Participant: 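Here's a structure for you.
Position 1 is the first residue of the sequence, and the numbers go up from there. Remember, predicted model here, so these are calculated numbers, not experimental data.
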Amino acid sequence: MTETIRLRLDVSYDGAEFSGWAAQPGRRTVAGVLVEALQRILGASGPETPLGLTVAGRTDAGVHATGQVCHIDFPAERYAELSASLLRRLSALMPPDARVKSVVPVPDTFDARFSATFRRYEYRVCDDGWGPEPLRRYDTLGWPRPLDLDRLNAGAAGLLGEHDFAAFCKRKEHATTIRAIARLDWRREADRTLVLTVQADAFCQAMVRSLVGAMLAVGEGRRAPEWPAKLLTLRERSSEVAVAAAHGLTLVAVGYPEADEYAARADATRRLRA
């Protein structure tokens, strides 16, 4: 077997023209363009498989990232040859809407998905009536009605902590919908844009956008501040919750423990997710 070295890649992308992270036949995806660039660097002798590419969180179509993390297992001999130029080569081969910002060797115990301790997202909403600034149109949702910041945060308060978020998730067979939200709060920035920050150990599919949809209903006065928390009693996805548009959402950070804790964290996460 070819000896490999594990590499951590920090990645940013504008999700507008991608069908999400995960490779899909006939569709343009972030993983697809990244693997293509890596295989071009490796040349004809490179593997046809995606180098064990593992990502911290698979983002949906249209969702952006400034702090995505993934790992690959790169041929060690080739890395010794290319280490000084690998990042530059990737920059030349990746499209303008996806960037690899760093490439760092890590222990084999590092797992971009299971070693992570948290994922942090932001969701941007403009409620000024005329819509977001043109330069922010791809990462900010335009909302046609005024939103009350205090009501948004009141709706968020009951969702903090560990709960079964089945009402806000697309359920997968044999997968838990129990998650622990450590941070969930809204702020208004200088340009009047509302920004939600949400951080949790992990998220299930469509969970953040569903939470946003519920809180927007509270923020404009259609629902009581207690309503989102009341949905936590449900064990199936709620048809009353609208899923907010993908383009307002950005993955901004993924956290990891110290290197000597990678393996223990990964084992604990696998047991929890089972």
Participant: Side-chain contact, heavy-atom cut-off 4.5 Å: Glu122 with Leu196?
Facilitator: no
Participant: Quick one: pull up CZ in Arg8 and SG in Cys70 and give me the separation to the nearest 0.5 Å.
Facilitator: 9.5 Å
Participant: Can you list, pair by pair, the side-chain donor-acceptor contacts under 3.5 Å of residues 208-217, counting residues two or more places apart and other chains?
Facilitator:
residue : atom : partner : partner atom : Å
Arg209  : NE   : Ala244  : O            : 2.8
Arg209  : NH2  : Ala244  : O            : 3.3
Ser210  : OG   : Phe168  : O            : 3.2
Ser210  : OG   : Ala206  : O            : 2.8
Ser210  : OG   : Arg237  : NH1          : 3.0
Ser210  : OG   : Arg237  : NH2          : 3.3

Participant: What I want to find out is whether Glu189 reaches Arg187 closely enough, with some N-O distance under 4.0 Å, to be called a salt bridge.
Facilitator: yes
Participant: Hey, could you give me the OG1/CG distance between Thr4 and Asp108, rounded to the nearest 0.5 Å?
Facilitator: 6.5 Å
Participant: Go through Tyr256 and Arg265 one step at a time and tell me if the side-chain contact (heavy atoms from CB on, under 4.5 Å) criterion holds.
Facilitator: CA-CA 9 Å; Tyr256 294 94; Arg265 174 64 187 180; over 6 Å; no
Participant: Between Thr140 and Arg137, is there a donor-acceptor pair closer than 3.5 Å when you use the side chain of the first and the backbone of the second?
Facilitator: no
Participant: So if you build clusters from Ile, Leu, Val, Met, Phe, Trp, Tyr with side-chain heavy-atom gaps below 4.5 Å, do Val35 and Val33 land together?
Facilitator: yes
Participant: Does this structure show an ion pair linking Asp111 with Arg270, if we count only N-O contacts that are shorter than 4.0 Å?
Facilitator: yes
Participant: Minimum heavy-atom separation for Ala112 and Val69, please, with both atom names.
Facilitator: CB-O, 3.9 Å
Participant: Any chain of hydrophobic side-chain contacts (each under 4.5 Å) joining Leu42 to Val103?
Facilitator: yes
Participant: Check for me, please, whether Leu149 and Tyr123 land in the same ILVMFWY cluster - side-chain distances under 4.5 Å, paths through other members count.
Facilitator: yes
Participant: Determine which pairs satisfy disulfide (SG to SG under 2.5 Å) with at least one residue from residues 101-196, sequence neighbours left out, and list them in order.
Facilitator: Cys169-Cys204
Participant: Inspect the contact between Arg179 and Asp201 and indicate whether a charged nitrogen and a carboxylate oxygen are less than 4.0 angstrom apart.
Facilitator: no
Participant: For Leu184 and Ala156, which heavy atoms make the closest approach, and how far apart are they?
Facilitator: CD2-O, 3.4 Å
Participant: Provide the closest heavy-atom pair for Leu141 versus His247 in the form atom of the first, atom of the second, distance.
Facilitator: CA-NE2, 3.6 Å
Participant: Without swapping roles, check the side chain of Thr250 against the backbone of Gly248 for a donor-acceptor pair under 3.5 Å.
Facilitator: no
Participant: For a quick test of reading the model, state the closest non-hydrogen atom pair linking Pro105 to Tyr79 and the distance between them.
Facilitator: CG-OH, 3.3 Å
Participant: Return the CG to CD distance between Asp128 and Glu133, rounded to the nearest 0.5 Å.
Facilitator: 9.0 Å
Participant: Is it true that Arg99 and Asp10 have a side-chain N and a carboxylate O under 4.0 angstrom from each other?
Facilitator: no
Participant: Hey, are the side chains of Leu147 and Leu194 touching, using non-hydrogen atoms and a 4.5 Å cut-off?
Facilitator: yes
Participant: Using a 4.5 Å cut-off on heavy atoms from C-beta on, say whether the side chain of Phe203 contacts that of Tyr121.
Facilitator: yes
Participant: Does either side chain, that of Asp185 or that of Thr197, offer a donor lying less than 3.5 Å from an acceptor on the other one?
Facilitator: no
Participant: Count the heavy atoms belonging to other residues, nucleotides or ligands that lie under 6.0 Å from NZ of Lys101, then report whether that count exceeds 12.
Facilitator: yes
Participant: In residues 13-20, what donor-acceptor pairs under 3.5 Å come from side-chain atoms, sequence neighbours left out?
Facilitator:
residue : atom : partner : partner atom : Å
Tyr13   : OH   : Thr59   : OG1          : 2.7
Tyr13   : OH   : Gln68   : NE2          : 3.1
Asp14   : OD1  : Ala16   : N            : 3.0
Asp14   : OD1  : His64   : ND1          : 3.4

Participant: Are Arg188 and Asp127 ion-paired here, with the side-chain N under 4.0 Å from a carboxylate O?
Facilitator: yes
Participant: Are more than 12 heavy atoms, taken from residues, nucleotides or ligands other than Arg235, located less than 6.0 Å from that residue's CZ atom?
Facilitator: yes
Participant: Between Leu38 and Phe74, is there a side-chain heavy-atom distance shorter than 4.5 Å?
Facilitator: yes
Participant: Nearest 0.5 Å please: distance from the CG atom of Leu90 over to the CG atom of Leu9.
Facilitator: 6.5 Å
Participant: Taking all atoms of both residues into account, what is the closest heavy-atom pair of Arg58 and Val55, and its distance?
Facilitator: CG-CG1, 3.8 Å
Participant: With the side chain counted from C-beta on, respond yes when Ile5 and Asp73 share a heavy-atom pair under 4.5 Å apart, and no when they do not.
Facilitator: no
Participant: Test of understanding: clusters of I, L, V, M, F, W, Y form through side-chain heavy atoms closer than 4.5 Å, transitively. Do Met207 and Trp227 belong to the same one?
Facilitator: yes
Participant: Would you check if Val100 and Leu87 make a side-chain contact, meaning some heavy-atom pair closer than 4.5 Å?
Facilitator: yes
Participant: Within this structure, what is the CG-CD1 distance for the pair Leu86 and Ile41, rounded to the nearest 0.5 Å?
Facilitator: 5.0 Å
Participant: Just checking, is any N or O donor in the side chain of Gln199 or Arg183 under 3.5 Å from an acceptor N or O on the other one?
Facilitator: no
Participant: Are Leu234 and Ile181 connected in a single hydrophobic cluster, I mean Ile/Leu/Val/Met/Phe/Trp/Tyr linked by side-chain heavy atoms less than 4.5 Å apart?
Facilitator: yes
Participant: Could you tell me whether a side-chain N or O of Arg151 sits under 3.5 Å from a main-chain N or O of Arg223, the two making a donor and an acceptor?
Facilitator: yes
Participant: Taking the side chain as every heavy atom from C-beta outward, state whether Arg120 and Val198 have any atom pair closer than 4.5 Å.
Facilitator: no
Participant: More than 12 heavy atoms of other residues, nucleotides or ligands under 6.0 Å from CZ of Arg27: is that the case?
Facilitator: no
Participant: Once rounded to the nearest 0.5 Å, what's the spacing between atom CG of Leu7 and atom CG of Leu53?
Facilitator: 11.5 Å
Participant: What are the two closest heavy atoms between Val218 and Ala224, and how far apart are they?
Facilitator: CG2-O, 3.5 Å
Participant: State, yes or no, whether a side-chain contact exists between Phe110 and His71 at a heavy-atom distance under 4.5 Å.
Facilitator: yes
Participant: Any sub-3.5 Å donor-acceptor pair from Thr29's side-chain atoms to Gly32's backbone N or O?
Facilitator: yes
Participant: May I ask you to say whether Glu3 pairs ionically with Arg78, meaning some side-chain N is under 4.0 Å from a carboxylate O?
Facilitator: no
